[in-house]
Amino acid sequence: DNYISNYNIYVGNLVDDQMKTWFPKDMKLISHWNLRDELKANYNKGDEGLKKQSLIYEVMLRIIKQDIPEKVINNPDLQWNPVTNKLYADGKESEPSPEPDTRYQYLLDNFKAMSAADPYTPMYPTFIQRAFDGGMEIPREQVEKRFTDCCSAPQIKQVGDLISKRLGRPLQPFDIWYDGFKARSSMNQDELDKITRAKYPNTAAFEADIPNMLIKLGFKPDKAKEIASHIAVDPSRGAGHAWGAQMKGDKAHLRTRIGADGMNYKGYNIAVHELGHNVEQTISLYFVDNYMMQGVPNTAFTEAIAFLFQKRDLELLGKSNPDPKKDAMAALDNCWASYEIMGVSLVDMKVWQWMYENPNATKVQLKEMVIKSAIEVWNQYYAPVFGVKDSPILAIYSHMIDNPLYLSNYPVGHIIDFQIDEYMKGKNFADETLRIWSAGRLIPQMWMKNAVGSEISITPLLNATDEALKNMQ
């Protein structure tokens, strides 16, 4: 976690072949979260935005392949051309020494630590089984089947064609993070930064505003105040994190990264996501009848409420979306986001299966296998949509290194989030949130039936995508 939380790239020091810099001088971005979010933020900035996105993509490839110069990691003093991989100190070219496959050593160490517990868990004799059958309570095969069915659905190609049309160019691999279906994508990022920096100069300001944010979402003032009283906001070295209380009387902790000049919009967007986690953690602890039933079935269900909060971030800033096609746009956004993270999760699962089959592998062999797996998944499910082969970009996610087999919770969370959001239309968001997340830790499908009347399924998402595509025509 310490390795990942300090993996910052000073993008203000990235240069092209003419030694031109493209980002603000003091901008540093943590991998992969902020790199991805900066890439997203440049979709409405024309050729300049495309150049920035291309540079970030090259940085990501260097991280995955581990030929990134070790000295540029968390270092503000060197300039770096990620395309040529040349390093410059005081304007003079210096010899780059690549990161020594540290990323994959940590992944290997995680495997060794987790597999060492196998003899002591006879019901779930591998970490893979503990993560899915034990933790998620959904067998890995069922999770994988939902992902592959969705990634190979014909609707995905149609959405990809629509994105290419909207961009006015062929898709690039980094367009897995296309952000143009969100309301904020048409807004000026700098203006949003000004709003959030003025509103939240520090963690205390964000914490003080939580009751107001909950009221804006429909919570009654007394309930908003009660929930907020159980949440503390702390500074974070990482992109952001939520940690729930383990007993009544303790507080849930929201950790967020705020710069010296205040919280920028990217940080705010992540913080609202983490606030969703904290609200769930508080409801499922304090409002569940039996303490032994506190919590949710698995982390996908807390990711679902975090997504529900995150997509309302502009609403909390007082920014409305008058677009008559906003429901269609939301469906397309959820579809594309699910498609992206499902591929990442498929890579994560393939890697863990391979490590169990090759327990004595070296970090070099593991690196080669991760890249090979990412390319295989890309070529099967993404190349037909993007028209580009052999991209390893699905291997960039930091979760793969510091949070073993967590990634699958995100796409399952997207599916649950979509089903619940559809169900909530025309209903009071706060009332339904309190009802749904106070059910406690039932088994997943029973919890879902209690929430929306049906089991977890990709069918509603694909059906809504069909309708959205018709609407967009």
Side-chain angles (χ1 to χ4, degrees), residues 8 23-24 26-30 33-34 36-45 179 182-243 251-282 305-323 326 330 333 429-430 433:
N8 295 296
F23 298 90
D26 60 347
M27 180 179 278
K28 71 173 182 177
L29 302 175
I30 191 171
W33 295 278
N34 288 165
R36 172 203 63 191
D37 291 344
E38 178 63 19
L39 197 152
K40 286 183 176 185
N42 278 282
Y43 271 107
N44 60 352
K45 296 182 179 177
D179 207 38
K182 287 187 173 68
R184 68 168 182 260
S185 64
S186 60
M187 297 183 180
N188 187 298
Q189 185 83 29
D190 295 334
E191 290 300 316
L192 290 173
D193 284 343
K194 286 180 184 177
I195 294 170
T196 55
R197 282 186 171 124
K199 196 172 178 68
Y200 305 117
N202 49 48
T203 54
F206 191 89
E207 182 174 326
D209 198 41
I210 291 176
N212 298 324
M213 287 192 270
L214 295 179
I215 290 170
K216 287 177 183 176
L217 292 173
F219 289 87
K220 294 179 175 60
D222 60 334
K223 194 62 69 176
K225 187 176 179 181
E226 180 184 357
I227 292 171
S229 71
H230 298 300
I231 300 171
V233 181
D234 312 314
S236 171
R237 282 183 301 177
H241 182 62
W243 188 261
K251 289 192 175 188
H253 286 262
L254 191 162
R255 290 159 187 151
T256 182
R257 178 181 277 207
I258 300 180
D261 55 350
M263 177 183 275
N264 63 22
Y265 175 73
K266 294 185 193 72
Y268 164 77
N269 178 258
I270 293 171
V272 174
H273 178 99
E274 304 306 338
L275 177 60
H277 284 305
N278 289 141
V279 170
E280 174 276 303
Q281 290 157 351
T282 300
I305 189 172
F307 289 135
L308 288 168
F309 268 65
Q310 189 171 13
K311 68 176 64 171
R312 289 164 172 79
D313 66 337
L314 291 177
E315 179 184 330
L316 296 177
L317 290 177
K319 297 284 185 181
S320 61
N321 181 11
D323 189 347
K326 62 183 179 182
D333 183 62
F429 176 82
T433 296

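As the structure is a prediction and not an experimental result, all values here were calculated from the model.
Expressed to the nearest 0.5 Å, how far CD of Glu226 lies from NE2 of His230 amounts to 5.0 Å. In this structure, Lys182 NZ and Gln310 CD are separated by 7.0 Å, a value rounded to the nearest 0.5 Å. For the atom pair CG of Leu275 and CD1 of Ile227, the computed distance is 9.5 Å after rounding to the nearest 0.5 Å. Rounded to the nearest 0.5 Å, atoms CG (Asp313) and CD1 (Ile270) are 11.0 Å apart.
His253 approaches Lys251 most closely through the heavy-atom pair CD2-O, 3.2 Å. Across Gly276 and Phe309, no two heavy atoms sit closer than the pair CA-CG, 3.6 Å. Considering all non-hydrogen atoms of both residues, Ile30 and Arg237 come closest at CD1-O, 4.2 Å. Of all the heavy atoms in Leu254 and Ala271, the pair that sits closest is CD1-O, 3.7 Å. Heavy-atom minimum distance, Ala224 versus Pro211: CB-O, 3.7 Å.
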- Message: Determine whether Tyr268 and Leu317 satisfy the following criterion, side chain to side chain contact (heavy atoms under 4.5 Å, CB included), listing intermediate values before the conclusion.
- Response: CA-CA 10 Å; Tyr268 164 77; Leu317 290 177; 3.5 Å; yes
- Message: I'd like to know whether Val233 forms a side chain to side chain contact (heavy atoms under 4.5 Å, CB included) with Ile210, so could you lay out the CA-CA distance, the side-chain angles of the two residues, the decisive distance to 0.1 Å, and finally the verdict.
- Response: CA-CA 10 Å; Val233 181; Ile210 291 176; 3.9 Å; yes
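A side-chain N or O of Gln281 and one of Asn278 form a donor-acceptor pair less than 3.5 Å apart.
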Kindly list each side-chain donor-acceptor pair under 3.5 angstrom involving residues 196-206, sequence neighbours excluded, with atom names and distances?
from	atom 1	to	atom 2	distance (Å)
Thr196	OG1	Leu192	O	3.2
Thr196	OG1	Asp193	O	3.2
Thr196	OG1	Met263	O	2.8
Thr196	OG1	Tyr265	N	3.3
Arg197	NE	Asp261	OD2	3.3
Tyr200	OH	Asp209	OD2	2.5
Asn202	OD1	Ala204	N	3.3
Asn202	OD1	Ala205	N	2.9

Could you go through residues 214-221 and list every donor-acceptor pair under 3.5 Å that involves a side-chain atom there, pairing it with any protein atom two or more places apart or in another chain?
from	atom 1	to	atom 2	distance (Å)
Lys216	NZ	Leu316	O	2.9

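A search for side chain to side chain donor-acceptor pair (under 3.5 Å) contacts involving Glu38 returns Asn42, Lys266, not counting sequence neighbours. Partners of Asp37 under the side chain to side chain donor-acceptor pair (under 3.5 Å) rule, at least two apart in sequence or in another chain, do not exist in this structure. For Glu274, the side chain to side chain donor-acceptor pair (under 3.5 Å) criterion is met by no residue, not counting sequence neighbours. Every residue two or more places apart in sequence or in another chain that forms a side chain to side chain donor-acceptor pair (under 3.5 Å) with Arg257 is listed here: Asn8.
For His273 and Phe307, the gap between ring centers is short of 6.0 Å.
Lys311 places none of its side-chain heavy atoms less than 4.5 Å from the side chain of Asp333.
Atom NZ of Lys225 is surrounded by 12 or fewer heavy atoms from other residues, nucleotides or ligands within 6.0 Å.
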